[in-house]
**Q** 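Mind having a look at this structure? Questions to follow.
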There are 2 protein chains.
Amino acid sequence: MTIQQIKYFLELAKELHFWKTAEKVFISQSSLSRQIQALEDEVGIQLFERDKRNVKLTDAGKFLQEHWTEKINEFEQILRQAKKIDAGNSGTVSITYPGSITFEFLPNFLKILNTNLPELKLELTEPTDENHEKLLLDYRTDIAFSRDKIENANIDSLKLYSEPICLVVPNNHWIKEKSLHSIAELKNEKFIISGLHQTTFFASMLRSLFDKYGFEPITTVESDFGGMILNLVAKEIGISILPLSFKTAKVENLRFIKLDEKIDLYVNWRKDELNKTIRKVVEYAKFTERK
Amino acid sequence: MTIQQIKYFLELAKELHFWKTAEKVFISQSSLSRQIQALEDEVGIQLFERDKRNVKLTDAGKFLQEHWTEKINEFEQILRQAKKIDAGNSGTVSITYPGSITFEFLPNFLKILNTNLPELKLELTEPTDENHEKLLLDYRTDIAFSRDKIENANIDSLKLYSEPICLVVPNNHWIKEKSLHSIAELKNEKFIISGLHQTTFFASMLRSLFDKYGFEPITTVESDFGGMILNLVAKEIGISILPLSFKTAKVENLRFIKLDEKIDLYVNWRKDELNKTIRKVVEYAKFTERK
DNA sequence: ATTAACTAATGCGAAAATTGCATTACTTAT
DNA sequence: ATAAGTAATGCAATTTTCGCATTAGTTAAT
C-alpha cells in the first residue's frame, strides 16, 4: 500500500471518473484503474461500485475518504516538521499571533530575530480560528502568541507582559481622561469593535466587560484588522476599545484612555520540542523589550 | 513511499540493527538497507546516522518514529473499521463495558443480540483505562457502556437506566436493613473496594461518598473484578459497596442493603456512524430489559 | 601488529511490478 | 441502428525490487 495509491484513491473519490482523475494525477487511465484495483485487493475492501458507465463510492469508501484525507494531511504536516528538524538552524519557524501585537511587540521581536539569526526563515500567520492549542499540537505552527494562557500538559506557556486596555476616541471627543468613571456612561456611543461574535479571547473579554456594565454596545462597523479600526475612529465614525500597544501605530487625531482592565501576552510552544532553532526563537521572545 | 517502508523504518528505529531487523520483517539485509535508503531519498530527510558499525536515529528520525508510530496505528484502526463497514451485517462489533454490568444487563443484552443477529460477531472488552470518548473516536470500540454521560459533539450518549448502589455484607453481619442511618457508622469496618485509586467513574463516586461522611475506609483488599469481591464478602473478609445488579450473581451468604445514592448506565456511540450493524446493535441496547 | 568477527553498503542478474498503448466490452444517448 | 462514452484488460517494454555474494570499514581479541 502506497501513500501515492491513497492519494489516487482520494482524487478519484472526488472526481468519480477514471479518465479525468488519471489526467489530474498524471498517469494513464489503465494505470489508475489497476492502482485502484491493487489498493482494493490489498486492503480487501471494495472502495467503488462501478458498472461500465458510472463510478460511485461504497459506504466503506466514503468512510475511508473522510478518514484518509485527514490522516494524509497529518502525515504531510509531520513530514514538513521533520524536514525543519533535519534542516537545523537554517530552517523555517512558523509563528501565529494576535493582530494586536502587530504594531509594537512583533516588530521588536522580528528585529531581534533578524539580528541574531539572520539565516532564519519565518512564516507569520494571524489565525482567524484562534485554537492555538490545536495549531501547535498538529504542527501547523511552532510558536503561538496568545492573549490567554494555554493549559495543556504538552504545551509550555509563559506570560511575557500585561498591558492595559484602552478606550480609543478621536481627539475632539467629549470624554476627557479624568471624566470617565464607568464605561456604562458610554452606552449611547457608537462602537467599532473587532469581531465581537468571534471566539477569540479578546472578543470574549470585551463581551464580559460590556456584560458587567449591563449594556450591549451599539456597533456600526466590525473589523478584524486593528489598523482599520484606528483609522475609522480617527475619522470619527465611532469609538473603540483596544490594547494600549495600538498607540504605537501613531495614527493622528486619536486619544487613548486607559481602563482598569488588563490583558496579557503569552508565548506558547510544544514542551517536547526537538527543533533547537524553535527553542532559540522562544528564548529571544522572552527577552524582547516590552511595555 | 510505502506503508511497508514506514513499518520497516519503525522496526529498524527500535532495533537499530539492520540484520536483526531484516530477519524480523522477513526480508534480506540488503533489501532492507535499500528500502531505508529509498525512504530517506524520497522524503529528503536523513533518518539514521550510520557508520560501518553503528546505527542511530537522527533528531528528525526520532521525531518521525514517535509520530509515524502513532499515525500508522491510527491508519490500521481506520482500516479495521472500514472492513467492518464493508462486511456489512455479518461483521464484528466492538463493545466496551464496566465490570458492574457483567451479571445482569450484559447477559440480557447479549441474549437479545444473539437471537436477532445470530451472524454477528462481538468483541467484548472491559477496559482498564476508561476513556470511552477516545476509545470511540479512535475506532478502538464501537459501542461503549459507561457509568457517566459523555459530553462530546461527535458522540451520542443515552441513559439506559439508574440503579441504587448497595452495601454488600455477609448474612450474619450486625448491620440490619433498617438500622443503617449513615454510612459514617461503618468507619470501623473493613472494606473490599474495587480500585479506589483508579480513575473510573464508580471509583470517583465512592471516593466522594466517603469524603462526604468524612472518613477514609479501611481497605484490606482491592480487586477490580466484582465477582471476586462478592466471594470475599461472602467469606466474611470484609464488606463492600457495589451497584445493585451484582445481586443477580446469586452468591450465597450475602445481603444487599440499598443506599440513597444511585448510579446510571449510559450507552455511547459515534454520532456519524455509517455502519448499519452498529446502529442496529445500539437499538437493541435501548430495548434490553432493565431494572 | 595481526587476525577474527561484525556490520552496512553495493554490484549484479533474476524475478516481479508497473506503465502506457491499443483494444475490448459494455452502457447510454441520439 | 449507430455513435459516443467509459472502465477493464492483453501485451510488450520499462522500471523496480529482491536476494546472493562480495566489499569495505570498524572493533575486539590474541
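Every chain is numbered from 1, with letters handed out A, B, ... down the list of sequences. Source: prediction; values computed, not measured.
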**Q** Pair B:T288, B:N108 - check side chain to side chain donor-acceptor pair (under 3.5 Å), show working.
**A** CA-CA 7 Å; B:T288 296; B:N108 291 344; over 6 Å; no

**Q** Just to be sure I understand the rule, does B:Q35 reach a base, reach only the sugar-phosphate, or reach nothing, if contact means heavy atoms closer than 4.0 Å?
**A** sugar-phosphate

**Q** Please name the residue in the list B:D156, B:D142, B:D138 that meets the salt bridge (charged side-chain N to carboxylate O under 4.0 Å, His left out) test with B:R270.
**A** B:D142

**Q** Regarding B:Q29, tell me which of base, sugar-phosphate or nothing describes its non-hydrogen contacts under 4.0 Å with the strands shown.
**A** base

**Q** May I ask you to decide if the ring planes of A:F109 and A:F105 are parallel, tilted or perpendicular, using 30° and 60° as cut-offs?
**A** parallel

**Q** For the pair A:F48 and A:F9, name the ring-plane relationship: parallel under 30°, tilted 30 to 60°, perpendicular over 60°.
**A** tilted

**Q** Under 3.5 Å, is there a donor on one side chain and an acceptor on the other for A:Q46 and A:E40?
**A** no

**Q** Mind checking which nucleotides bracket the chain B contacts on DNA chain D, 5' to 3', with an atom under 4.0 Å from a heavy atom?
**A** D:dT17 to D:dT27

**Q** What contact category does A:S31 fall into here, base, sugar-phosphate, or nothing, at under 4.0 angstrom with non-hydrogen atoms?
**A** sugar-phosphate

**Q** Quick one, A:Y139 with B:H67, criterion ring pair (Phe, Tyr, Trp, His ring centres under 6.0 Å). Give me CA distance, side-chain angles, the key distance, then yes/no.
**A** CA-CA 11 Å; A:Y139 294 93; B:H67 290 276; 4.9 Å; yes

**Q** Which two nucleotides bound the region of DNA chain C that has atoms under 4.0 Å from heavy atoms of chain A, read 5' to 3'?
**A** C:dT18 to C:dT28

**Q** Do the ring centers of A:Y8 and A:F26 come within less than 6.0 Å of each other?
**A** no

**Q** Could you pick out which residue, B:R34 or B:W19, lies toward the 5' side of DNA chain D when each is mapped onto its nearest nucleotide?
**A** B:R34

**Q** May I ask you to check whether over 12 heavy atoms, not counting those of B:Q77, lie within 6.0 Å of atom CD?
**A** yes

